[in-house]
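For reference, the structure is listed below as structure tokens.
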Number of protein chains: 2
Amino acid sequence: MSNRPVTLRDIAKKVGVHTSTVSRVLNPDAGAKVSREVALKVTRAAEELGYSLNPFARSLKTNQSFTIGVLIPDLTDPLFPPIMRGIEDTLSEAGYTAILANSDNDPDHERKGLETMRARKVDGLILATAQRKDRLVARCVADRIPLVLVNREVEDHSVPAVVNDDIGGMRMVTEHVISLGHRRIGHISGPQTLSTGMNRLNGYLAAMRAHGLPERHADMVEAAPLTDAAAQAAAEALLASDPDLTAIVTANDMLALGAYDALEARGLSCPDDVSVTGFNDIPFADKFKPPITTVRIQKFEMGAEAARLVLRMIKGENVGGLSMLLRPTLVVRGSTAPPRR
Amino acid sequence: MSNRPVTLRDIAKKVGVHTSTVSRVLNPDAGAKVSREVALKVTRAAEELGYSLNPFARSLKTNQSFTIGVLIPDLTDPLFPPIMRGIEDTLSEAGYTAILANSDNDPDHERKGLETMRARKVDGLILATAQRKDRLVARCVADRIPLVLVNREVEDHSVPAVVNDDIGGMRMVTEHVISLGHRRIGHISGPQTLSTGMNRLNGYLAAMRAHGLPERHADMVEAAPLTDAAAQAAAEALLASDPDLTAIVTANDMLALGAYDALEARGLSCPDDVSVTGFNDIPFADKFKPPITTVRIQKFEMGAEAARLVLRMIKGENVGGLSMLLRPTLVVRGSTAPPRR
DNA sequence: CGCCCTAACGCAAACGATTGCAATCTTGCC
DNA sequence: GGCAAGATTGCAATCGTTTGCGTTAGGGCG
């Protein structure tokens, strides 16, 4: 028994037909006509010989890799694993495979990641790293690579994207806080270079306006990197400049944790002294003390839809300008309560 | 300007040499001799034309994919993203790419994942899913695929693995609890079908024995699935059967959180009434209330070393029986304190 | 019974690289 | 100056599939 893998030729020889016929039997989708009997004999022989397609040969010929590149900021950020699972689960069902790269929010890394993906000739791209203005994204569309954005999108909506209703979500949670009786409400925002950061800020503003509450500049601080440390600093600035604050709504759960730290450092308690909210509903959001009131976004579904979308683009479907907005839901937990005063 | 990608032939034509020469210039590692001048002209032409290697053609010829399959239980489990990053970061430096599959602890999924990886002709495999006796692992070694285990290993140590010193780690944290003065210490273990579950249990037992403490059967319960819910049930069983327990050491942080829930349900406080410890030091372990005293394992490094190891195997190095044991460290936080009585 | 059409299959040329071997050219040395 | 050794480079086969086109055979129809 030789160890040489079984090829189309082996099957052809065994059955007594030409390799092209075997190929046609094994790829019925191509729409080639083969007689019932031959098809049966071929499939049987393939089975017996334990044939398995050589993907390199196929790809060389068809110029398809059945591979999708996925670029995310950092797999270690709890937001992305669920998205990634959504992507991979639906890709694999379609016979596609994801290859992953982390950008670490570094343009060089990002560029390098994209580079290797293109070198590997991915059939499409899913990016979770988009800035509102993004040169790399622009280059990809210019190069006509099937591309969809996930979670974040670009300013001009020129690229298909699957995102949450960040404005609506933030408006919802802000109004929850307002409805509890809060009037002086601060916001720790994410970077305004990201659609999420901007939209969530706008959602906050919309809610404030809608209820006739003043928008004070001092009540909005940006957490430059989306870390708990940055958020802690931001929360401290907020509390210093406006000691009457009774609530802080933040642009994501990690920032909420940073706010917790700031409150603790000041000897304030949440939610008794100050209510805090997050966004995303990351795993464990319900396990912290207090459990975070937050906005649940559809992480797995976001990934799954992005994958479906890119697959449709690959099939040649024209999905121009199609963006999907997933509806988030409010999750009220222990970090919000009516204000004391 | 045609859109047809640049090939070796294009370069050859431009420079006036044969494609084989171009190939040799572009693959210097192969050790072929090419004159300085030709090499220079070729590289320059390649640059000018914007050549990029067609990986399909190369792979077809060399039968290498520069791809490693990684199989993990669930990316959503906070233990794995850091491991994954370790793997990917070091693979990509070597020009390799990881393709990921989740088993969801389901043998069918696992088998299917392995199947697609083999269909894609990965050059090697990294498995984080190994049971102590694992048929799939056995099949892989039988098929002589370069393979390394990570985090968990097989019983007979027949496969190279990169794991933590689970016994030592658990012994360490148990002794920490003992040194605080605890005598009645329960253990919530992981599944004994996994090396981690068994080793950690043994570490606990070793510590108890070493200090002349009785090993009571009632003080050991297995959390069948490694979830907080299962752990909560386990902790309740523990507390019910042995109300004098003053400490519970668990096999991982998620189980510790389950123990928290059980204590809270009983109106007991941690660490005042019962001390609790975890294992792994997952992200946020310091953010819970109380922050979890736990054993920090080297997650990123574990992944990185596993990647390095599989690469060495691919290069043909004989690493027979080489396993790496990474040293964990004790991280004392707020969930442990001296017993009241 | 002849002709045309279609179904089924074979033929062979790709896809783009790698690589053992042959051919050529230098160079050194006697 | 001739020859051998060594350094470069060319030649051509090959990896395993896919696919446009040609060929064959059979069937329907006039």
Side-chain angles (χ1 to χ4, degrees), chain A residues 2-46 49-67 95 118-121 123, chain B residues 2-46 49-67 95 118-121 123:
Chain A
S2 130
N3 249 351
R4 191 177 55 75
V6 182
T7 74
L8 283 191
R9 192 160 16 244
D10 298 322
I11 302 179
K13 198 179 304 174
K14 171 154 184 172
V15 176
V17 296
H18 194 261
T19 62
S20 57
T21 307
V22 179
S23 170
R24 283 188 266 256
V25 172
L26 266 25
N27 298 41
D29 334 307
K33 299 289 187 182
V34 192
S35 74
R36 271 258 169 281
E37 359 172 28
V38 172
L40 206 72
K41 290 208 286 188
V42 166
T43 50
R44 189 164 305 163
L49 294 177
Y51 170 76
S52 80
L53 170 67
N54 183 317
F56 309 139
R58 185 211 280 267
S59 288
L60 175 58
K61 193 65 181 144
T62 64
N63 215 31
Q64 281 193 289
S65 62
F66 293 93
T67 278
R118 306 183 58 148
R120 295 224 168 225
K121 297 201 172 276
D123 295 335
Chain B
S2 128
N3 249 351
R4 189 177 55 76
V6 182
T7 75
L8 282 192
R9 195 167 5 252
D10 298 323
I11 302 179
K13 198 178 304 172
K14 171 154 186 174
V15 177
V17 296
H18 194 262
T19 62
S20 56
T21 307
V22 179
S23 170
R24 283 189 266 257
V25 172
L26 267 24
N27 298 42
D29 334 309
K33 298 288 186 179
V34 192
S35 74
R36 272 256 170 284
E37 359 173 29
V38 173
L40 205 73
K41 290 208 288 190
V42 167
T43 50
R44 190 164 304 163
L49 294 176
Y51 171 75
S52 80
L53 171 66
N54 183 316
F56 310 140
R58 183 210 281 267
S59 288
L60 174 58
K61 190 65 179 139
T62 65
N63 217 31
Q64 279 192 290
S65 61
F66 292 92
T67 279
R118 306 184 58 148
R120 295 226 170 224
K121 297 203 174 273
D123 295 335

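A, B, ... follow the sequence lines: proteins, then strands. Residue 1 opens every chain.
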Query raised in the report: B/Leu60 or B/Lys33: which one's nearest nucleotide on DNA chain D is closer to the 5' end?
Result: B/Lys33
**Report entry** Positions of residues 18-28 of chain A (non-hydrogen atom under 4.0 Å from DNA chain C), listed by number
**Finding:** A/His18, A/Ser20, A/Thr21, A/Arg24
Report summary line: What one should report as the nearest heavy-atom pair of B/Ala45 and B/Val15 is CB-CG2, 3.6 Å
Query raised in the report: Rounded to the Å, how far apart are A/Leu53 CG and D/dC15 C1'?
Result: 13 Å
Report task. Indicate whether the side chain of B/Arg118 and that of A/Ser52 have a donor and an acceptor atom separated by less than 3.5 Å. Result -> no
**Report entry** B/Arg9: which of B/Thr7, B/Ile11, B/Val6 passes side chain to side chain contact (heavy atoms under 4.5 Å, CB included)
**Finding:** B/Thr7
Query - Spacing between A/Lys121 atom NZ and C/dA17 atom C1', to the nearest angstrom - result: 13 Å
Query raised in the report: Quick one: which of C/dC9, C/dC15, D/dT8 gets closest to the side chain of B/Ser35?
Result: D/dT8
Query raised in the report: Roughly how bent is the helix from C/dC1-D/dG30 to C/dC30-D/dG1 end to end, in steps of 10 degrees, with each end axis from five pairs?
Result: 50°
Query - Per B/Thr62 side chain, nearest of listed nucleotides D/dG16, D/dT8, C/dT18 - result: C/dT18
**Report entry** Where A/Arg120 and B/Ser65 come nearest, the two heavy atoms and their spacing
**Finding:** NH1-O, 3.1 Å
Query raised in the report: Rounded to the Å, how far apart are A/Asn63 CG and D/dT17 P?
Result: 17 Å
Query raised in the report: Once you round it to whole Å, what is the distance between C1' of D/dT18 and CZ of A/Phe66?
Result: 12 Å
Query raised in the report: Can you tell me how far C1' of C/dA8 sits from NZ of A/Lys41, to the nearest Å?
Result: 13 Å
Report summary line: In B/Thr21, B/Leu53, B/Leu26, the residue satisfying side chain to side chain contact (heavy atoms under 4.5 Å, CB included) with B/Leu8 is B/Leu26
Query raised in the report: CD1 of A/Ile11 versus P of D/dG16: gap in Å, rounded?
Result: 13 Å
**Report entry** Heavy-atom pair of closest approach, residues A/Leu60 and B/Ala57
**Finding:** CD1-CB, 3.8 Å
Requested in this report: For A/Glu37 and C/dA8, give me the distance from atom CD to atom C1', rounded to whole Å.
Outcome: 10 Å
Query raised in the report: Rounded to the Å, how far apart are A/Leu8 CG and C/dC9 P?
Result: 16 Å
Report summary line: 5'-most contact on DNA chain D (nearest-nucleotide basis), B/Gly16 vs B/Ala57, goes to B/Gly16
Query raised in the report: Where is the tightest heavy-atom contact between B/Asp123 and B/Gln64, given as atom of each residue plus distance?
Result: OD1-CA, 3.6 Å
Report summary line: Tightest non-hydrogen contact, residues A/Thr19 and A/Ala12, listed as N-CB, 3.7 Å
Requested in this report: Inspect the surroundings of NZ in B/Lys14 and state if more than 12 heavy atoms from other residues, nucleotides or ligands are less than 6.0 Å away.
Outcome: yes
